[in-house]
Asker: 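My questions all concern the structure below.
These numbers come from a predicted model, not from an experiment. Labels below follow one simple rule: chain letters A, B, ... track the order of the sequence lines, proteins then strands, and each chain is numbered from 1.
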2 protein chains.
Amino acid sequence: MAATETLTAERILEATEEVLRRYGPAKATVVDVARVLGVSHGSVYRHFRTKAALREAVTERWLERTIVALRPYAEAPDAADERLTGWLTALFALKRRKAGGDPELMATFQVLIGENSDVVHRHEEHLVEQIARIVEDGHREGVFAAPERDYATTARAVFDATDRFHDPAHAADWATTDIEDAFAAVISLTQRALRA
Amino acid sequence: MAATETLTAERILEATEEVLRRYGPAKATVVDVARVLGVSHGSVYRHFRTKAALREAVTERWLERTIVALRPYAEAPDAADERLTGWLTALFALKRRKAGGDPELMATFQVLIGENSDVVHRHEEHLVEQIARIVEDGHREGVFAAPERDYATTARAVFDATDRFHDPAHAADWATTDIEDAFAAVISLTQRALRA
DNA sequence: CGAATGACAGATATTGAAATCTGTCATCGG
DNA sequence: CCGATGACAGATTTCAATATCTGTCATTCG
């Protein structure tokens with residue numbers, strides 16, 4: 001079956017995810033990926049120049065899913081302040097569910113993130129853009145005050161201020177009971193800062 | 001010389017720091033500490049029940065230094081808003097200087113922190129208390145508005161919101177050029193949120 | 001012809017035997 | 001008597017030999 005399908009980058013990425021999930025980042029090899037696909041490892045190198053490039057592509061795909069999952073919250077028809085809280089809450093809930101539901105997978109993901117800081121950087125910029133749009137809308141609606149410098153800077157500040165609630169580096173803290181209160185307090189602080 | 005002085009917990013802690021500095025957290029052994037002090041390793045165990053307890057004590061000492069260094073900023077005679085910015089800036093500068101000046105030592109420190117999360121937790125509570133006092137003073141002075149819930153919660157929110165600028169987990173980002181702007185933006189956000 | 005293969009060199013990881021370390025405690029010496 | 005010692009058992013780490021992996025490329029196969 002599998003042998004009859006053409007070997008695409010997409011199929012390789014799926015197999016790589018599977019292998020990473022099963023063996024973890026330290027033991028997942030290109031040979032393993034080839035084995036899952038029933039091809040020689042040389043064939044994998046036709047689609048990805050190096051193992052690092054393959055991992056980077058997996059990381060990108062993984063992060064892309066977050067962007068997609070959040071888009072509905074960024075484009076919700078609510079007032080900007082509620083939209084911002086909704087978006088931040090969704091981001092936190094998403095990460096928290098992932099971290100809590102499968103800690104090993106989260107650890108794997110964290111290793112990949114550490115290896116591909118430039119990909120992460122670009123991902124963060126996407127997220128900050130989504131925030132910036134909400135803040136800009138909020139100003140136009142009169143819900144938020146004019147930004148101190150510009151929308152991008154303010155959005156980045158909001159992103160940084162909520163860092164503890166979306167950066168996987170803090171995943172270990174997300175299991176504690178008082179994290180909800182801490183999150184609510186930071187959201188409240190942020191809203192106060194932005195409101196007109 | 002060394003043999004004539006009595007063996008105290010204090011001297012053992014100094015030797016342990018020395019050994020951690022020199023060999024790093026992975027290779028520093030109790031035997032090394034004893035060698036530096038010119039005693040048998042059994043003597044070290046008279047003062048610290050386990051190697052873990054010894055490392056914990058070093059961590060505590062290390063964190064205590066931050067508290068002491070920040071006290072002047074917490075008790076400065078300025079208005080509360082300036083005092084808060086001064087304190088947060090001092091905290092960031094302190095950590096940043098440490099991380100930038102000796103990255104290896106910082107890495108060592110980070111390992112110790114990871115091993116002793118309860119000590120870190122207590123340390124954070126001390127820092128949050130210092131913030132809480134400033135926020136409380138600010139409210140009394142009329143510089144800051146009444147807290148949403150209570151001083152402790154607000155102070156914790158300020159601490160969490162500035163996490164990216166004091167948590168060693170983010171030390172790698174502190175070398176980038178735009179970190180100053182990001183810091184200024186979060187400070188500005190925080191001040192806006194608190195001001196009356 | 002173009003995609004897939006597998007042999008290969010150099011780099012990296014695994015393994016198990018040997019060395020070192022942790023923590024205890026009976027004994028020593030001032 | 002009381003702090004310091006060093007031998008010891010079990011746990012952990014190191015080291016070097018062995019195996020596996022990464023990335024290339026001449027060759028094969030459809």
Asker: Can you list every salt bridge (charged side-chain N to carboxylate O under 4.0 Å, His left out) pair that touches residues 47-69 of chain A, not counting sequence neighbours?
Answerer: E10(A)-R61(A), E17(A)-R61(A), E17(A)-R65(A), R55(A)-E115(A), E60(A)-R122(A)

Asker: How close or far is atom C1' of dC21(D) from atom CZ of R35(A), stated in whole angstroms?
Answerer: 11 Å

Asker: Let me have the donor-acceptor pairs involving side chains of residues 84-94 of chain B, under 3.5 Å, with sequence neighbours excluded, atom names and distances please.
Answerer:
residue	atom	partner	partner atom	Å
T85(B)	OG1	D81(B)	O	3.4
T85(B)	OG1	Q191(B)	NE2	2.6
W87(B)	NE1	Q130(B)	OE1	2.7
T89(B)	OG1	T85(B)	O	2.6

Asker: Answer with yes or no whether the side chains of T176(B) and D173(B) bring together a donor and an acceptor at under 3.5 Å.
Answerer: no

Asker: Could you tell me the separation between the OH atom of Y23(A) and the P atom of dT14(C), rounded to a whole number of Å?
Answerer: 13 Å

Asker: Rounded to 10°, tell me the angle between the two end axes of the helix from dC1(C)-dG30(D) to dG30(C)-dC1(D), each built from five pairs.
Answerer: 10°

Asker: For nucleotides 7-14 of chain D, give me every protein contact, N/O to N/O, under 3.5 Å, one pair per line with atom names.
Answerer:
none

Asker: Tell me the interatomic distance from H47(A), atom NE2, to dG2(C), atom P, rounded to whole angstroms.
Answerer: 15 Å

Asker: Among dG6(D), dC21(C), dG23(C), find the nucleotide with the atom closest to the side chain of T29(B).
Answerer: dC21(C)

Asker: Under 4.0 Å, heavy atoms only, any strand: does V31(A) hit a base, just the sugar-phosphate, or nothing?
Answerer: base

Asker: Once salt bridge (Lys or Arg N to Asp or Glu O under 4.0 Å) is applied, do any residues pair with E124(A), and if so which ones, sequence neighbours excluded?
Answerer: R156(A)

Asker: Using whole Å, report how far CZ of R49(A) lies from P of dT24(D).
Answerer: 8 Å

Asker: Does OP1 or OP2 of dT5(C) have a side-chain N or O of S43(A) closer than 4.0 Å?
Answerer: yes

Asker: Keeping the roles fixed (side chain from T162(B), backbone from F165(B)), state whether a donor-acceptor pair exists under 3.5 Å.
Answerer: no

Asker: Could you check whether R83(B) pairs with D137(B) (Lys NZ or Arg NE/NH1/NH2 to Asp/Glu carboxylate O, under 4.0 Å)?
Answerer: yes

Asker: I need the CG-P distance between L7(B) and dA4(D), as an integer number of Å.
Answerer: 5 Å

Asker: In whole Å, what is the span from the CZ atom of F48(B) to the C1' atom of dT22(C)?
Answerer: 16 Å

Asker: Counting N and O atoms only, with roles assigned by atom type, does the side chain of N116(A) sit under 3.5 Å from a partner on the main chain of V119(A), one being a donor and the other an acceptor?
Answerer: no

Asker: Find the distance D32(B):CG to dT22(C):C1' and express it as a whole number of Å.
Answerer: 13 Å

Asker: For E104(A), give me all partners under side chain to side chain donor-acceptor pair (under 3.5 Å), at least two apart in sequence or on another chain.
Answerer: none

Asker: Just the rounded figure in Å: distance from P of dA3(C) to CD1 of I12(A).
Answerer: 13 Å

Asker: Looking at F183(B), I want to see if its CZ is surrounded by more than 12 non-hydrogen atoms of other residues, nucleotides or ligands under 6.0 Å.
Answerer: yes

Asker: Pick the nucleotide of DNA chain C nearest each of Y45(B) and R46(A); which residue has the one closer to the 5' end?
Answerer: R46(A)

